[in-house]
2 protein chains.
Amino acid sequence: MAPTRATIHDVASAVGVSPATVSRALARPELVAAATVERVRLAATELGYSPSPQARWLHTGMSEAITLVLPDITNPFFLDLIRGAQHEAARAGYTQMLVDTEESTEQERTHLLAARKTSDGAVLAGPRLSDADLAELSQLYPIVSVNRRIRGVPSVLVDTPPALAAAVDHLAGLGHRRIAYLGGPESAWFSPRRWQAIKSAAIRHKIDCEHLGAHPPTLDGGQRAAPQIAAGRATAVIAYNDVQALGLLRGLSALGVGVPDQISVVGCDDVFGAELAYPSLTTVTGSAERAGELATQALIERIATGRLPRRQNRSVPAELTIRTSTGPAPRSVPHGRRQPR
Amino acid sequence: MAPTRATIHDVASAVGVSPATVSRALARPELVAAATVERVRLAATELGYSPSPQARWLHTGMSEAITLVLPDITNPFFLDLIRGAQHEAARAGYTQMLVDTEESTEQERTHLLAARKTSDGAVLAGPRLSDADLAELSQLYPIVSVNRRIRGVPSVLVDTPPALAAAVDHLAGLGHRRIAYLGGPESAWFSPRRWQAIKSAAIRHKIDCEHLGAHPPTLDGGQRAAPQIAAGRATAVIAYNDVQALGLLRGLSALGVGVPDQISVVGCDDVFGAELAYPSLTTVTGSAERAGELATQALIERIATGRLPRRQNRSVPAELTIRTSTGPAPRSVPHGRRQPR
DNA sequence: GTGAAAGCGCTAACAA
DNA sequence: TTGTTAGCGCTTTCAC
């Protein structure tokens with residue numbers, strides 16, 4: 001499968017040159033006689049030698065690794081993000097570390113501290129730390145944020161708000177006059193922005209729109225909101241994200257509330273499972289993979305040049321995907337639904 | 001957020017001792033006077049110092065990092081595996097690298113070669129390399145495999161075969177007399193083993209059982225098998241994994257074949273989405289998270305002790321989860337189904 | 001209990 | 001074009 005660990009000295013003595021020549025032949029062949037380069041290369045492959053990143057780090061200060069920090073790997077949204085990030089990292093010859101902070105600010109802090117020692121920079125997906133902390137960190141260590149804008153920190157956003165406005169258009173077109181937004185957790189930077197987009201669109205359509213408060217971005221979080229929604233007067237709900245929306249679907253089904261007959265549901269992210277769910281989820285589709293690619297690209301540019309990337313804030317387009325969880329508003333408003341307790 | 005890179009010398013001169021003392025105070029405090037240890041610790045936190053893994057690697061040869069190699073991060077089965085692995089890694093103070101080989105044997109080989117330089121060992125989920133390659137690699141570099149047994153390589157299996165036998169019992173109990181197995185890809189070590197378990201159980205029940213050949217373990221792979229299945233005579237299908245099964249559900253629905261009325265479908269893994277699908281998927285549930293934990297634990301034991309772990313082959317129990325994609329066999333055998341083309 | 005010194009694998013001045 | 005040398009941050013003998 002592969003030979004053992006050879007050092008630069010092994011190659012040097014095999015070829016009969018000094019270690020320095022080996023180093024140069026491999027890293028900067030233009031400085032070395034073509035014939036020598038050839039012999040060194042041969043011997044290196046022969047012995048299975050390649051320079052150790054750790055030893056190299058001593059000089060260059062570069063580990064050629066980046067860290068991807070995720071709040072919750074359980075959310076399939078991050079699957080595509082991870083893959084996109086890995087593509088870019090591999091393309092640039094970087095190794096990728098992965099860290100799941102489990103929605104904990106403290107874990108995020110700890111892992112970031114550790115990352116500074118082991119990698120040259122980090123992509124932070126939906127970071128939880130304060131703007132101030134992140135801006136400060138960004139001065140000391142190259143970071144790029146995904147789905148959160150912070151002054152002084154390059155970022156990539158999946159541009160969901162316009163698509164959410166389109167979702168409101170869609171619902172209004174179906175005759176809904178009263179919609180609700182199931183908010184994400186307090187720490188989710190994007191949640192109030194999604195709410196804004198929804199509210200503005202609702203105002204434009206002159207329809208009612210209420211905010212149902214903060215809920216965990218989990219299946220359970222969505223499911224637990226079902227009774228409140230069933231008891232409420234809205235005929236359509238837009239959830240902060242798909243995982244929540246899917247949980248809500250489950251919760252409503254358990255309560256015997258028909259979707260979309262009695263209530264329409266819209267999600268956000270178009271995760272694995274959204275299309276397969278019953279009813280299939282109307283949602284906002286944007287490429288998390290592309291976001292991962294762009295973020296990693298920006299990060300590597302930042303690492304390589306030592307300055308902020310030229311395009312500091314990028315975004316990835318998103319659009320509404322209409323499936324079967326949305327339908328015409330029920331004729332008579334709340335019928336057969338539970339009363340608030 | 002955090003101070004800059006301090007070296008051991010900074011701490012040494014801050015405290016007024018030699019770098020050697022700092023090193024000892026932090027790594028082997030029992031060799032140093034308690035008072036000194038205290039002062040060193042204080043200064044270290046003060047300066048935000050912690051020893052660099054890279055520099056330490058020069059001596060110890062250890063990077064305190066492990067690599068998790070996955071064939072396809074797109075499969076949600078791996079979400080839980082990643083999380084379990086990360087828990088154990090973090091607990092033991094290891095950093096986790098992540099690599100997605102995209103089902104390519106060559107990428108697996110390349111990444112593994114790279115991993116040897118950057119990490120102390122690797123967990124390989126469903127590796128594609130040959131037994132010989134893996135056994136040889138295992139001599140040179142600590143690896144642990146998940147869901148594949150190879151002589152000389154410690155492994156962790158999610159023990160799905162008994163649960164698949166239970167699935168056959170379940171189907172037989174529902175009156176199915178003719179079932180089929182939708183195979184995974186050729187490279188999937190587990191596929192023939194699952195088939196074996198199913199076949200034996202079918203024989204025990206004296207029911208027919210056919211193998212539908214190899215199919216990609218993707219939504220698309222499952223969906224494309226739908227026509228063949230709709231045209232066949234089996235009244236129940238067990239798929240190699242859930243992703244395939246969910247694709248199959250989608251394909252059958254597109255063909256207008258009712259599940260479970262006309263055909264029952266069983267998956268394997270109980271991934272995110274299996275429960276939410278329509279109909280909700282009867283499947284085999286085992287803890288991928290636990291498998292990730294055990295594998296990482298075994299790997300770290302192997303790294304730390306330098307020998308194979310005591311329990312070389314471990315397994316995680318799995319059980320049948322009955323949902324609504326399975327139901328009584330249709331009365332009159334294939335009715336209303338398409339003919340083979 | 002602590003310090004001095006050597007060396008891990010590699011790169012980058014500087015010489016030759 | 002190539003070799004010599006020093007040194008990156010840390011650990012570990014070996015003295016003291």
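Lettering of chains follows the sequences in order, A, B, ..., and the numbering in each one begins at 1.
Partners of B/Glu289 by salt bridge (charged side-chain N to carboxylate O under 4.0 Å, His left out), not counting sequence neighbours: none found. Listed by chain and residue number, A/Arg109 satisfy the salt bridge (charged side-chain N to carboxylate O under 4.0 Å, His left out) test with A/Glu106 (two or more places apart in sequence, or in another chain). By the salt bridge (charged side-chain N to carboxylate O under 4.0 Å, His left out) test, A/Asp10 pairs with no residue at all, sequence neighbours left out. Residues satisfying the salt bridge (charged side-chain N to carboxylate O under 4.0 Å, His left out) criterion with A/Arg311, sequence neighbours excluded, are absent altogether.
Atom NE2 in A/His9 sits roughly 11 Å away from atom P in C/dT11 (whole-Å rounding). When rounded to the nearest whole Å, the span between CD of A/Gln54 and C1' of C/dT11 equals 15 Å. Atom CD1 of A/Ile8 is separated from atom C1' of C/dA12 by 12 Å (rounded to the nearest Å). Remark: C1' of D/dG9 and CD of B/Glu64 are 15 Å apart, rounded to the nearest angstrom. Protein atom CZ of B/Arg116 is 15 Å distant from nucleotide atom P of C/dG9, rounded to whole Å. Taking atom CG of residue A/Leu47 and atom P of nucleotide C/dG9, one finds them 14 Å apart after rounding to whole Å. Note: CH2 (A/Trp57) to P (D/dG9) measures 6 Å, nearest angstrom.
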Using distance only, find each side-chain donor-acceptor pair of residues 291-300 of chain A under 3.5 Å and give its atom names and separation, not counting sequence neighbours.
from	atom 1	to	atom 2	distance (Å)
A/Glu293	OE1	A/Arg290	NH1	2.8
A/Thr296	OG1	A/Gly292	O	2.7

Just list the side-chain donor-acceptor pairs under 3.5 Å for residues 61-83 of chain B, sequence neighbours left out, or say none.
from	atom 1	to	atom 2	distance (Å)
B/Ser63	OG	B/Thr118	O	3.1
B/Ser63	OG	B/Asp120	OD1	2.8
B/Thr67	OG1	B/Ser119	OG	2.6
B/Asp72	OD1	A/Arg83	NH2	3.3
B/Asp72	OD1	B/Thr74	N	3.0
B/Thr74	OG1	A/Arg83	NH1	3.3
B/Asn75	OD1	B/Phe77	N	2.8
B/Arg83	NE	A/Asp100	OD2	2.9
B/Arg83	NH1	A/Thr74	OG1	3.3
B/Arg83	NH2	A/Asp72	OD1	3.2
B/Arg83	NH2	A/Asp100	OD2	3.0

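Within 6.0 Å of the CD atom in B/Glu186, the count of heavy atoms belonging to other residues, nucleotides or ligands does not exceed 12.
For the segment residues 30-43 of chain A, residues with any heavy atom less than 4.0 angstrom from an atom of DNA chain D are, sorted by number, A/Leu31, A/Val32, A/Ala33, A/Thr36. Of the residues in residues 22-29 of chain B, those with a non-hydrogen atom less than 4.0 angstrom from any atom of DNA chain D are B/Ser23, B/Arg24.
Comparing C/dC10, C/dG9, D/dC10 by their nearest atom to the side chain of B/Leu58 picks out C/dG9. When the nucleotides C/dA4, C/dC10, D/dG3 are ranked by their closest atom to the side chain of B/Ala20, C/dA4 comes out on top. Side chain of A/Ser18, nearest nucleotide from C/dG3, D/dC10, D/dT4: D/dT4.
One finds a side-chain N or O of A/Arg56 lying less than 4.0 angstrom from the OP1 or OP2 phosphate oxygen of C/dT11. Contact check, A/Thr21 against D/dG3: a side-chain N or O comes under 4.0 Å of OP1 or OP2.
The backbone N or O of A/Ile143 sits less than 3.5 Å from a side-chain atom of A/Arg302, completing a donor-acceptor pair.
Listed by first and then second residue, the salt bridge (Lys or Arg N to Asp or Glu O under 4.0 Å) pairs involving residues 143-153 of chain B are B/Asp131-B/Arg148 (not counting sequence neighbours).
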